[in-house]
Protein chains: 2
Amino acid sequence: MTVSNRRGVALDRVLELVVVLGEDMTRSLAVEGLTASRAHLLWELGRNGPSTQRAVADSLGVSARNVTGLVDGLVATRFVTREPHPSDRRATLVTLTEHGMATFAQLDRGQEELAQLLFSSMPAHQVDAFVDTLDHVLARLRDQLPPGPAGTR
Amino acid sequence: MTVSNRRGVALDRVLELVVVLGEDMTRSLAVEGLTASRAHLLWELGRNGPSTQRAVADSLGVSARNVTGLVDGLVATRFVTREPHPSDRRATLVTLTEHGMATFAQLDRGQEELAQLLFSSMPAHQVDAFVDTLDHVLARLRDQLPPGPAGTR
DNA sequence: TATTGTTATACTCTATAACTATA
DNA sequence: TATAGTTATAGAGTATAACAATA
């Protein structure tokens with residue numbers, strides 16, 4: 001441990017959680033044939049329905065060019081299709097295929113299962129206290145952050 | 001929120017923390033002229049001292065080829081140098097420059113400051129309870145994980 | 001023979017800038 | 001004139017495989 005006091009230990013644990021959770025999700029997604037970025041896009045489509053690439057770029061907080069590449073990849077792997085926009089011939093509506101919708105549902109179920117795995121054996125009051133502490137930490141982080149644009153969500 | 005119950009909320013907060021903390025660290029590192037991967041390498045050197053690329057590859061859990069590239073980048077930006085290994089002429093010792101050492105010290109200080117920012121206004125018992133909960137969550141995640149190699153730390 | 005690090009090659013994610021088609 | 005999405009170009013991170021130098 002680099003920081004030896006109580007608060008340093010807390011931060012160390014948080015950073016460890018970031019690493020372990022990231023590895024866990026990357027592994028799960030790879031099984032579905034997805035990368036983290038593509039899964040994020042798929043997730044937005046599952047929540048918002050068919051979307052223009054512009055809307056996707058804004059919600060993910062990445063460049064339009066990047067979205068072109070991500071959609072190319074998801075089209076090649078049959079998760080989404082590009083459909084014509086009904087009223088704007090410049091735009092395309094990125095749309096989940098059956099496979100894409102099924103995968104979205106599966107990711108959603110996986111998240112529920114993960115929540116159960118992590119917290120099911122914990123008493124409600126402890127979960128609530130944990131959430132309160134996380135809210136506190138998130139508020140501190142946001143206070144420090146620049147008021148810039150940054151991807152929503 | 002996709003999961004509406006108490007435990008789903010807890011997981012949502014954790015995932016949010018992962019995102020926000022990741023953005024915060026990426027921003028801080030960019031100021032120093034580092035990427036996350038290069039900072040990770042620099043961190044290992046700061047903790048372990050001069051190391052062969054093979055040792056670095058093992059501690060980061062990445063390929064030897066990747067380390068060649070990361071070290072190339074850190075050499076170009078003057079954070080490290082490649083020094084001959086005293087007894088093995090195949091190997092190089094990746095070594096922090098003065099600038100690299102100063103940057104490592106600064107990252108270390110930054111982590112302490114972050115710990116203070118996040119937890120200083122919190123009573124000790126709450127910090128302890130938070131750490132206990134994180135330990136519980138980490139244990140659950142590890143139980144589920146494959147016993148594979150994976151990068152340490 | 002085995003190991004260290006490189007070159008060769010390839011894929012993903014990311015960005016900016018220039019350009020086409022359409023609003 | 002402004003917007004949606006593509007092509008062109010570029011850099012970082014990642015990987016495997018083949019290879020050279022050395023152990």
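A quick note: this is a predicted structure, and the numbers were derived from the prediction, not measured.
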ask   = Any sub-3.5 Å donor-acceptor pair from B/S51's side-chain atoms to B/V56's backbone N or O?
value = no
Whether B/H136 side chain and A/L118 backbone form a donor-acceptor pair below 3.5 Å = yes
key: Within-4.5 Å side-chain heavy-atom neighbours: B/T77 and B/L34   = no
ask   = In the 5'-to-3' direction, what one-character label does each nucleotide of nucleotides 2-12 of chain D receive under the scheme B = base within less than 4.0 Å of a protein heavy atom, S = sugar-phosphate only, - = no such atom?
value = BBSSBBB---S
Qualifying residues under ring-ring contact (aromatic ring centres under 6.0 Å, His included), relative to A/H99, sequence neighbours excluded = A/F79
request  = State whether B/E16 and A/R142 are salt-bridged, where the test is any N-O pair (Lys NZ or Arg NE/NH1/NH2 against Asp/Glu carboxylate O) under 4.0 Å.
outcome  = yes
request  = To the nearest 0.5 Å, tell me how far A/D108 CG sits from A/T103 OG1.
outcome  = 12.0 Å
ask   = Could you state the interatomic distance from CD (A/Q111) to CG (A/L114), rounded to the nearest 0.5 Å?
value = 7.0 Å
query = Base, sugar-phosphate alone, or nothing: which one does A/S87 contact when heavy atoms must sit under 4.0 Å apart?
reply = sugar-phosphate
key: Range on DNA chain C touched by chain A - first to last nucleotide, heavy-atom distance under 4.0 Å   = C/dT12 to C/dA23
note = Between B/D128 and the options A/R13, A/R6, A/R7, the salt bridge (charged side-chain N to carboxylate O under 4.0 Å, His left out) test singles out A/R6
key: Rounded distance (Å) that lies between atom P of D/dA15 and atom CG of B/L60   = 10 Å
